[in-house]
*Asks:* 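Dumping the structure here so I can ask a few things about it.
Fair warning: this is a prediction, and the values are worked out from it, not measured in the lab. Below, each value reflects all heavy atoms present in this structure, side chains not excepted, and no hydrogens, waters or symmetry copies.
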Amino acid sequence: MDRLIIFDTTLRDGEQAAGGALNISEKLEIARQLERLGVDVIEAGFPCSSPGDFKSVGLIAQEVKTPVVCALARAHPDDIDSAWEAVKEAKRPRIHVFLSASDIHLMYQIKKSREQVLGLARDMVARAKKYTEDVEFSPMDASRTEPQYIYQILATVIEAGATTVNIPDTVGYAVPGEFGSLIEGILQNVPNINRAIVSVHCHDDLGLATANSLEAVRRGARQVECTVNGIGERAGNASLEEVVMTIKTRGDLFKVTTGINTEQIYRASRLVSELTGFPVQPNKAIVGTNAFSHESGIHQDGVIKMPITYEIIDPKTVGIPASSLVLGKLSGRHAFRERLAELGYSLSEEDFSRAFTAFKELADKKKEVTDRDIESLIAQELRTVSEVYHLDCVQVSCGDRGIPTASVRLIGPGGEALADASPGTGPVDAVYKAINRIVGVPNELTEFTIKSVTGGIDAIGEVLIRIESGGATYTGRGADTDVIVASAKAYMNALNRLLTAKKAG
Ligand code: KIV
Ligand code: ZN
């Protein structure tokens, strides 16, 4: 069987999803999980797009050992040089050059002729090739480009040294039969195609990204570009878990294998969801909370008698924890450590001690601590951004009479206690206004969501917010058994990100 290369672009195209920006430590944490997951290539970012991206690509390049680490670059000398600077420390560096190819893009966006594009593609691939053996080229909007011209571009860039040629369905316009024919046409008509891997990169605007990618594999593509949970620009990209599990489940049709450790899929999905703040829809294939729950009596009866009656994948294969063992206040360090390991966390001793203290505090407030509670607690305790202001305490009075009023106390940058109070239209508004009076950074709240982590009156409430300031969006998360405290924590988390970004310029 051929090996299918899984190229993960969660940290590049995935991060382009509106409101999904990640900070550097979050990107590193996802990169580590992608390595555990066994992806072949991590597209770590687009170094020329911002100093933050440049830095995170560099750190990922230093940290990641097994996968190829790839940096994206426009067909521009500065972009290519900066991609190399960022990725050069990687054990296996790749530069990915892209350039528009369709007449629509040539005419309306980049205002270049086909000949100019051909020349630029050749020269920029040759420039990248001086830095590294491993060069990928993408003719952007390929699915809306005349196939003969795509053949010409690919032959040219392979001649110039491209070792992977990627065919993007940039706007998610293709349908499977047509996209598969494009791939087959490329394999038959590009004379030097045997010197490169053919890759595909499909967007999900018509909900066909996974189907298009898989049809391309059936017709000869040997690299698929995808993202965890299918996140990405607009409607997103092909979802890694769907592509990988279809290939695994229907090996009879695809006759390729991947190097993915499928038991890490669920963990990767949860992590990306927590860090980007994009929830996974309950009916999402493979990783949704309902993906393996059987509701109808007939189905339940079948699954009890023999799971394969209604289950095509054993949930354990994708790493869904087998037991929902519940911990409580009598659970000790050993049980907690075991549960963390089963959930896929490997913490340093110091982080473990912090997490254990937080667990004990939670277990005092909440009778049963479930896996979801633990995930929430880890997110809260170990993924805190460096704090400029720390929330010390919050008090609110509210109800259906009188004006909701909040008082808050923060610990400021110099360790000083800063207190203030404010009325508001509701308790959360009052808390946010009181915090604003102390921090004094103008911003606009653009999103506020609250959900209960588990059922039960003592459940943890998880708050996710997004604030906008100076054209940038900052995400904040907070969790607590008191939803007002969770809301205050989420706001402080977003404000601290904003202040840290401002400080870093
Ligand atoms: O969708 C697209 O065309 C891209 C390219 C940069 C590969 O993301
Ligand atoms: Zn894309």
Side-chain angles (χ1 to χ4, degrees), residues 25-26 29 267 270-271 273-275 277 321 323-396 406-412 415 417-419 427-428 431 434-435 449-465 476-497:
S25 65
E26 291 166 337
E29 195 174 348
R267 178 86 208 92
R270 297 281 336 137
L271 182 69
S273 172
E274 276 165 29
L275 296 185
S323 76
S324 296
L325 196 76
V326 174
L327 300 180
K329 68 176 181 186
L330 297 179
S331 308
R333 292 177 80 88
H334 183 66
F336 184 60
R337 197 186 291 277
E338 292 235 311
R339 198 74 209 117
L340 285 180
E342 277 167 35
L343 292 172
Y345 294 104
S346 57
L347 306 186
S348 66
E349 254 331 291
E350 191 193 332
D351 284 349
F352 175 79
S353 291
R354 273 170 62 202
F356 185 67
T357 308
F359 159 72
K360 280 297 200 189
E361 277 169 16
L362 178 63
D364 266 343
K365 293 189 203 157
K366 197 172 181 292
K367 216 170 113 218
E368 296 183 329
V369 179
T370 66
D371 292 347
R372 281 290 290 116
D373 292 328
I374 294 174
E375 283 173 356
S376 177
L377 177 151
I378 297 282
Q380 174 79 18
E381 282 306 310
L382 303 185
R383 299 201 188 107
T384 45
V385 285
S386 54
E387 288 190 312
V388 182
Y389 289 90
H390 173 75
L391 179 72
D392 189 33
C393 76
V394 52
Q395 287 291 319
V396 179
S407 55
V408 296
R409 191 170 59 227
L410 309 184
I411 305 298
L418 305 158
V428 175
V431 170
I435 293 174
T449 40
I450 181 159
K451 72 174 195 286
S452 150
V453 168
T454 50
I457 194 73
D458 57 357
I460 290 184
E462 241 176 21
V463 174
L464 175 103
I465 65 161
R477 283 175 290 266
D480 201 278
T481 46
D482 180 320
V483 293
I484 302 299
V485 177
S487 306
K489 285 181 177 174
Y491 191 48
M492 290 309 301
N493 186 241
L495 279 177
N496 278 319
R497 280 168 199 264

*Asks:* Starting from the C-alpha separation in whole Å, work towards a yes-or-no answer on side chain to side chain contact (heavy atoms under 4.5 Å, CB included) for Ile450 and Val428.
*Replies:* CA-CA 12 Å; Ile450 181 159; Val428 175; over 6 Å; no

*Asks:* Do the non-hydrogen side-chain atoms of Leu410 and Met492 ever get within less than 4.5 Å of each other?
*Replies:*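 A side-chain contact under 4.5 Å exists here.
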
*Asks:* How many angstroms lie between atom CG of Asn493 and atom CG of Leu391, to the nearest 0.5 angstrom?
*Replies:*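 Separation between the atoms: 11.0 Å.
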
*Asks:* Walk me through it: do Asp482 and Val394 pass the test side chain to side chain contact (heavy atoms under 4.5 Å, CB included)?
*Replies:* CA-CA 11 Å; Asp482 180 320; Val394 52; over 6 Å; no

*Asks:* First locate atom OG of Ser331, then atom CD of Glu338, and finally report the distance between them rounded to the nearest 0.5 Å.
*Replies:* 11.5 Å

*Asks:* Do Phe336 and Lys360 pass the side chain to side chain contact (heavy atoms under 4.5 Å, CB included) test, and can you show the C-alpha distance, the side-chain angles, and the key distance before you say yes or no?
*Replies:* CA-CA 10 Å; Phe336 184 60; Lys360 280 297 200 189; over 6 Å; no

*Asks:* Drop me the distance from Asn496's CG to Tyr491's OH, to the nearest 0.5 angstrom.
*Replies:* 11.0 Å

*Asks:* If you compare all heavy atoms of Ser376 against all heavy atoms of Ala479, which two are closest, and at what distance to 0.1 Å?
*Replies:*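 Between these two residues, the closest heavy atoms are OG-CB, 3.4 Å.
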
*Asks:* Checking side chain to side chain contact (heavy atoms under 4.5 Å, CB included) for the pair Lys365/Asp480: CA distance, chi angles, key distance, verdict?
*Replies:* CA-CA 10 Å; Lys365 293 189 203 157; Asp480 201 278; 4.1 Å; yes

*Asks:* Quick one: do the Asp373 and Thr370 side chains pair a donor with an acceptor below 3.5 Å?
*Replies:*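 Thr370 and Asp373 do have a side-chain donor-acceptor pair below 3.5 Å.
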
*Asks:* Does any non-hydrogen side-chain atom of Tyr389 lie less than 4.5 Å from one of Leu418?
*Replies:*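 The answer is yes; the side chains approach within 4.5 Å.
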
*Asks:* Hey, is the main chain of Asp364 close enough, under 3.5 Å, to the side chain of Lys329 for a donor-acceptor pair?
*Replies:* no

*Asks:* Should the pair Arg267 and Tyr345 be classed as cation-pi, given the thresholds of under 6.0 Å to the six-membered ring centre and 45° from the axis?
*Replies:*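 Geometry flag: set, cation within 6.0 Å and 45°.
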
*Asks:* Do Arg477 and Leu275 have side chains that get closer than 4.5 Å, going by heavy atoms?
*Replies:*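 Yes; the side chains approach each other to less than 4.5 Å.
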
*Asks:* Should Val463 and Thr449 count as side-chain neighbours, where that means a heavy-atom distance under 4.5 Å?
*Replies:* no

*Asks:* Is the ring pair Phe352/Phe356 parallel, tilted or perpendicular, if the boundaries are 30 and 60 degrees?
*Replies:*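 Aromatic pair Phe352/Phe356 classed parallel.
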
*Asks:* Looking at side-chain heavy atoms only, is the closest gap between Glu375 and Arg372 below 4.5 Å?
*Replies:* yes

*Asks:* Return the minimal non-hydrogen interatomic distance between Ala494 and Ile465, and the atom names on each side.
*Replies:*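 It is CB-CD1, 4.0 Å.
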
